[in-house]
Amino acid sequence: MAYGGSFQAKMSDESFDFICTTCDKNNKIVEAVRYCIECSGYCCQACTDTHKLFPTLTNHNLLDVNQGSQAGSQQSNLPEFPTERCSLHKGEVLKLYCHEHDDVFCCTCIATSHKACPEHKISSIPDMIDTLFNSDDINQINRRMKDVMLSLKAISNSEDTKLAALTEAKDEAVEKVEIFEKALKSIIRKAAKASKTKIVAVYQKLENEILQDKHNVDTVNDELQQSDKKMKKSEGNRAQRFICTKQAENKLKEADMLMVKQEARRYQDVPISFTPNQSLMNYVKGLHGIGEVNDEHDIGLENARRKKVDMYRIKDSREINLAVSGDRSVCNPSGCCLTHDNKLIVTDYINRKLKRINLDTMTVVDYCQLDGPPCDVCSINDKEVAVTHYYSPGRIQFVSLHPKMSPTRQIKVPHNCFGISFKDDKLYVTDNDSSVYVYNMSGLLLNTITTDNVGTRLFAKSERIAFNKNGDKMFVSDWEKGLVCFDEAGNHLSTSSDSDLKNAYGVCTDGNGNVFVVGYKSHNVVQYNEDGRKIGVIVKQQDGVIQPRSVCFHQQLKRLFVTMNESNVVKMFELE
C-alpha cells in the first residue's frame, strides 16, 4: 500500500494504494485520484475539485495518481514541471523556451512576443529539459550573482557616502554664505538669498540623482537576492532551475548596464562648494549673487579632502589557466590589461598569442596568433587593443576584439617597443632602455621623454606605463630605479626606490590614488600612493608569485591580476 501525506498507515476497514495527503493530516483515509506537483501531495476527488475552484490553485499540475512518487521514498520518478508563473500573464506557467531569444515564456506569450519565431526554435521545457539544462550554468550564474551583488552593495554604500558628503558640503557652503552675508550687511542680503537658493537647487538636483541611483541599485540587488533564493529553492527540479537561471541572467544584464551607468556618472568627493568674492563690496548692487556655486569636478578640493589610503590586504586568491591547444611551450605571459567590457587580455610571449579571459568563468575564451612575440598590451576602446612587438624595428600591432580577436593595422617605429599605455588618443611606449615615446594614433612621434629639465637621465631601463584616474600623473616602472612619476606634461616629479622592490617590472593604478608595482626579483607587489610614497607590500612570494611581469586591477571587484615569467597561470588576488 502506498500512502500520501504523513505516509503512516492508519487502522481502517478500507485499504487504498494511495491516500489523500490533506485528508490524511485530518485523520481521514480517503482514496487519492491525482498527484499535485506544486503541493507535493496526493489529492482525493474532493481536494481535486477544490483545486479547480480556487484561482491560485487553478493552474496547478495535477497528474495521474500513478505518476506520484512512492510515499516516503528518497527518489522521485515524477516528470520535472516548472512552477514559475508568467509575470505578464498571471497564472500561466513558464514552460516554453525560445532558442531565438534565449528566454523562457508561457503559452500566451507566443501570440504576443514570439509570434514570428520559427516553430523549431521553440521547445517545451519539461520535454527537452535533458537537452536544455546544464548544471555548469548554475555554478556560473551563482558565482556571477555573488560578484554582482557584492559590486551593487559596494555601489550602494558608496552612494550613502556621497550623500553624506553632499549634505556636509551643502552645509559648509551655506555656512560660508551666511558669514559673508553678515559682513556685507543689508545690501548683500538679497544677493545672498539668491546664492543660497542656487546651492539648495544644486543640492536637490544631485540629491535626487543620488537617491534615484541608490534606489535603482538596491532594487536590482533585491531582485538578484530573490533570484538567488529561487535558485536555491529549485534544487532538485532542473526545469525550475533552468527558469531561475534564465531569469537571473536577465537580471544580471540589468545589473551590468546599471554598473556601467554608475561608472559613467561618478560624483566628486565635494560636489558643492562656495567661493566668496572679496571684490564684491565695490559693485555688489549690480550683482544677483555673492559668489560662485560650484557643482562641477574640482580637482583642487578633491585632492585637499582626499583621505589617507590604507594598505590593501588579500582576501582571497585563485589561479587562471592560460594554456590552450596549439601552445608549443609553457606560456610566458609578459603583459596584461582589462578591456572595456571587463575581459582580461594577456600576451603570451613564447607562444606568440594574444589570449582573452572571461572573468566569470576564469577561462580562456578566445585567442589569436600573432606574427611575432608580443610584449605588452593596452586597451584602446571597446573595439580594439594595441600590442607591442619588441625587436627592432619595433612595431605596434592593433588587434580587433569583435567578434573574434584578429590582427589589423600596424605602426612601425625606429626603436624597440616594450611597455605600452593609451591616454587621450595618444600611445605611450617604453623601449626597455632610456626613453618613453609619445605617438598619435597615426604613428607620428609627438614627444620623447629621456632627461629631466637639467639634462639628467631619467631611466636606466624603462619597463611599463600606467596613468592615474584623472590622467594628470604618469607612472613608469624602471628595472633599476623603481617607480618614476611624471605630471601630464611629462615633467619629472619623483623617483621612488625601496629595498622591498627589486627590479620593478609591471605597474598599474587602482583609480583611487594607489599604484601597484611588481618586483621581478623580489617576487612581490608593492603598493605606493600617487606621490611615490610606499604604502607597503601587499603580495609576497609565499602568496604564490614568482618572477611577476605585469599587473592590472579590476576597480569594481577589487581584483588584482598578476602574470608571471614562464607560467601557465595568472594569479588573481581579491583585495580589501
Side-chain angles (χ1 to χ4, degrees), residues 312 314 317-324 327-338 344-355 357 362 364 373-378 387-391 416-421 430-433 459-466 475-484 496-509 515-528 534 536-553 559-575:
Y312 283 102
I314 298 173
S317 66
R318 278 181 272 174
E319 292 185 348
I320 303 172
N321 184 13
L322 283 177
V324 298
D327 284 352
R328 63 182 184 179
S329 179
V330 174
C331 301
N332 196 349
S334 59
C336 64
C337 75
L338 286 169
L344 181 65
I345 305 292
V346 178
T347 58
D348 187 347
Y349 185 87
I350 194 67
N351 291 302
R352 299 189 174 189
K353 292 177 181 177
L354 192 66
K355 299 178 178 180
I357 297 165
M362 306 288 275
V364 177
C375 286
D376 199 12
V377 58
C378 70
V387 179
T388 54
H389 289 279
Y390 177 68
Y391 292 108
N416 292 335
C417 289
F418 196 73
I420 188 168
S421 190
T430 67
D431 59 1
N432 198 29
D433 190 14
F459 307 108
K461 194 176 181 182
S462 57
E463 301 288 350
R464 304 296 168 86
I465 304 171
F475 308 95
V476 180
S477 56
D478 187 281
W479 184 261
E480 296 182 11
K481 295 191 175 185
L483 181 64
V484 188
S496 304
S497 60
D498 188 88
S499 59
D500 284 329
L501 183 67
K502 297 178 181 178
N503 300 120
Y505 213 136
V507 61
C508 72
T509 61
V515 184
F516 302 112
V517 186
V518 298
Y520 184 82
K521 290 188 178 180
S522 52
H523 313 292
N524 59 6
V525 180
V526 183
Q527 178 184 343
Y528 291 83
K534 188 184 78 171
V537 179
I538 57 173
V539 178
K540 301 177 181 179
Q541 183 173 355
Q542 50 263 43
D543 296 313
V545 170
I546 306 294
Q547 295 180 336
R549 300 188 67 181
S550 66
V551 61
C552 63
F553 185 76
R559 290 179 176 176
L560 190 72
F561 299 91
V562 182
T563 70
M564 298 177 291
N565 187 50
E566 296 184 354
S567 174
N568 279 338
V569 302
V570 175
K571 295 289 293 187
M572 188 282 289
F573 297 98
E574 186 174 343
L575 306 180

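Worth saying up front: this structure is predicted, and the values here are computed from it rather than measured.
- Checked against side chain to side chain donor-acceptor pair (under 3.5 Å), Asn503 has no partners two or more places apart in sequence or in another chain.
- Every residue two or more places apart in sequence or in another chain was checked for a salt bridge (Lys or Arg N to Asp or Glu O under 4.0 Å) with Asp431, and none qualifies.
- Taking Tyr528 as the reference, nothing meets the side chain to side chain donor-acceptor pair (under 3.5 Å) condition, with sequence neighbours excluded.
- Atom CG of residue Leu344 and atom CD1 of residue Ile320 lie 5.5 Å apart, to the nearest 0.5 angstrom.
- Using the six-membered ring where Trp is involved, Tyr390 and Phe418 have ring planes that are perpendicular, over 60° apart on the 30 and 60° scheme.
- Residues forming a side-chain contact (heavy atoms from CB on, under 4.5 Å) with Ser499 (at least two apart in sequence, or on another chain): none.
- Asn321 is linked by a side chain to side chain donor-acceptor pair (under 3.5 Å) to nothing, counting only residues two or more places apart in sequence or in another chain.
- In this structure, Tyr520 has its ring center closer than 6.0 angstrom to the ring center of Trp479.
- Glu319 meets the side-chain contact (heavy atoms from CB on, under 4.5 Å) test with Val569, Lys571; sequence neighbours excluded.
- Residues passing the salt bridge (Lys or Arg N to Asp or Glu O under 4.0 Å) test with Asp478: none are found, sequence neighbours excluded.
- Applying the salt bridge (Lys or Arg N to Asp or Glu O under 4.0 Å) test to Arg352 and every residue at least two apart in sequence or in another chain returns nothing.
- Taking the side-chain contact (heavy atoms from CB on, under 4.5 Å) definition, one finds that Ser317 meets it with Phe573, sequence neighbours left out.
- Taken from NZ in Lys481 to OG in Ser462, the straight-line distance is 11.0 Å, to the nearest 0.5 Å.
- For the side chain to side chain contact (heavy atoms under 4.5 Å, CB included) test with Tyr349, the passing option among Cys375, Cys331, Pro333 is Cys375; the others fail.
- Shown here are the side chain to side chain donor-acceptor pair (under 3.5 Å) partners of Thr347, two or more places apart in sequence or in another chain: Ser334.
- A search for side-chain contact (heavy atoms from CB on, under 4.5 Å) contacts involving Val330 returns Asn568, not counting sequence neighbours.
- Under the 4.0 Å criterion applied to side-chain N and carboxylate O atoms, Lys461 and Asp433 are not assigned as salt-bridge partners.
- Legend: residues meeting salt bridge (Lys or Arg N to Asp or Glu O under 4.0 Å) with Lys355, ordered by chain and number and at least two apart, are Asp327, Asp348.
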